[in-house]
Amino acid sequence: MCLRLSTKLLNISVASLCRTKQLEKAEAALIDGIRLGVLPDVVTYNILITGYCQFVGFDAGYHVIHRMKEAGISPNLVTYNSLMAGATRQHSLACCLDMLDEMLDRGIVPDIWSYNTLMHCFFRMGRPYDAYRIFSEILLKNISPCQATYNILINGLCKNGYIKNALMLFRNLQHQGYVPQIVTYNILMTSLCKLRRWKAIMRLFEEIRELGIAPNAITYTTAMKCCFRSRRYKEGLQIFFEMKSRGYAYDLFACCTIVAALVKSGRRRIADRCIAHMIKIGYDLDIVSYNTLINRHFKEGKLEKAYNLLDVAESRGLDCDIYTHTILIDGLCKAGNFSVAERHLNHMKMMRFNCLVASNCFINGLCKAGYIDYALQVFKSSDMRDSSTYSSLVNSLCKQRRYLLAAQLLLSCIRSGMKILKSDQKNVIQGLTRLGTKADAERFKLQVRIAKLLHY
DNA sequence: CTAGGGTTAG
């Protein structure tokens, strides 16, 4: 009895250490426990597995199974569910399926969480149809879906571009008496933010209040970000103040959101106050935080400071990600150092990063500096483009009054199935008309109309 | 124990 109680205590301590990334201390606690005669049980090992999967990787988590066997403990349902979640976190469908197989081999019957996680994995891999097949399987096997099942489904639909369907599902479920959780609202708000559906987001935000559900830190951060994205800085800051008054001390997520928004809108002094606060609290800064800070220096043209910070991040063992590289390239362009920027862009391509945004920064930078012909050359030699690539080029072509070429580019943008900005279209039409080639303007309008009909 | 938030261009 006494021993069982001790194991429970051991588990609580190991869990809190694992949650806070202190895996070495967790291992030490385990050894201390054994020395005192407190034996770890299957729960202890499951907690360790979750920790290793989260902070080291799936393989490290899976390795714990061997240690369990040495200790004479058999893995259970939770063990495999945790490993499936770990595999999903690092986008390994193969490992996730392996864990399911291994589980079945051992005669363990998968529960709703095994299916939830598998469904989540398919969604994360960009395979919504397979994910949906898992959902059907849940229903066919007569396993009761839980709240999380629907959250994963709604989130997966959103992340795979089926936001309308997700919203429809959400409303249907509500109609059937399903009470959405704050998580569900957070998921929908995040997805609508990407579509810049500010009004729809604020309606959801209101709905949360009407239903009497308490918003959490995630809800506030999301709503705040939505405001900033649609350039409603006042509203965004208001949400930030409300968040503070509700007792949500700002965490790294909120800090990064607000600092990035303040830097973007030129409010550097308030941004610095926020950064100072962030550092005072003593957060363990991660690569996203460093990216935010590095970007802040680049925006002010302080390359030296930015590079120093980059060194600090690397010396702390953090890996630069796609954002770091993109921020660097953008910063170099803003400082007029195009040759180094281009070298870095090529470096990124070699490392097989997705360079669309970085390439847009480069092209946009060239345009802004007046090197439009070079920008066009880069554009033609690359197949990475989206509507904002076209927008940058069209914008600066208009400034140089090269409206015919701008018109051509806009048309090929539409013909590739991408949307164009109304303002760009207006700009080109006005330009063509002003140049006295009214026929060109009329022809362009017609061509746009036809292209839109054919491609939307 | 599993589901939701932050950073890049326009």
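Just the heavy atoms: all of them, side chains too, but no hydrogens, waters or symmetry mates, feed the values below. Each chain gets a letter, A, B and so on, in the order its sequence line appears, and its residues count up from 1.
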> Of the residues in residues 74-92 of chain A, which ones touch DNA chain B at a heavy-atom distance under 4.0 Å?
Replying inline: A:V78, A:N81, A:S82, A:A85
> Using a heavy-atom distance cut-off of less than 4.0 Å, which residues of residues 381-394 of chain A contact DNA chain B?
Replying inline: A:D386, A:S388
> Listed by chain and number, what are the salt bridge (charged side-chain N to carboxylate O under 4.0 Å, His left out) partners of A:E314, not counting sequence neighbours?
Replying inline: none
Could you go through residues 248-260 of chain A and list every donor-acceptor pair under 3.5 Å that involves a side-chain atom there, pairing it with any protein atom two or more places apart or in another chain?
| unit_1 | atom_1 | unit_2 | atom_2 | d |
| --- | --- | --- | --- | --- |
| A:Y248 | OH | A:P215 | O | 3.0 |
| A:D251 | OD1 | A:F253 | N | 3.2 |
| A:D251 | OD1 | A:A254 | N | 2.9 |
| A:T257 | OG1 | A:F253 | O | 2.7 |

> For A:R19, what residues pass the salt bridge (charged side-chain N to carboxylate O under 4.0 Å, His left out) criterion, not counting sequence neighbours?
Replying inline: none
> So which pairs with a foot in residues 276-303 of chain A pass salt bridge (Lys or Arg N to Asp or Glu O under 4.0 Å), sequence neighbours left out?
Replying inline: A:D272-A:R296, A:D284-A:R316, A:R296-A:E300, A:E300-A:K302
> Taking only residues two or more places apart in sequence, or in another chain, which ones meet A:R127 in a salt bridge (charged side-chain N to carboxylate O under 4.0 Å, His left out)?
Replying inline: A:D130
>> So if I take residues 281-297 of chain A and measure heavy-atom distances to DNA chain B, which residues fall below 4.0 Å?
In response: A:D286, A:V288, A:S289, A:N291, A:T292, A:N295
>> What residues from residues 250-274 of chain A pass a heavy-atom cutoff of under 4.0 Å to DNA chain B?
In response: A:D251, A:L252, A:F253, A:C256, A:T257, A:A260, A:K264
> For residues 280-300 of chain A, which residue pairs qualify under ring pair (Phe, Tyr, Trp, His ring centres under 6.0 Å), counting only residues two or more places apart or in two chains?
Replying inline: none
> Is there any side-chain hydrogen bond (donor to acceptor under 3.5 Å, both in side chains) pair reaching into residues 54-65 of chain A, and which pairs are they, with sequence neighbours excluded?
Replying inline: A:Y62-A:E102
>> With the threshold set at under 4.0 Å for non-hydrogen atoms, list the residues of residues 179-187 of chain A touching DNA chain B in residue-number order.
In response: A:Q181, A:I182, A:V183, A:N186, A:I187
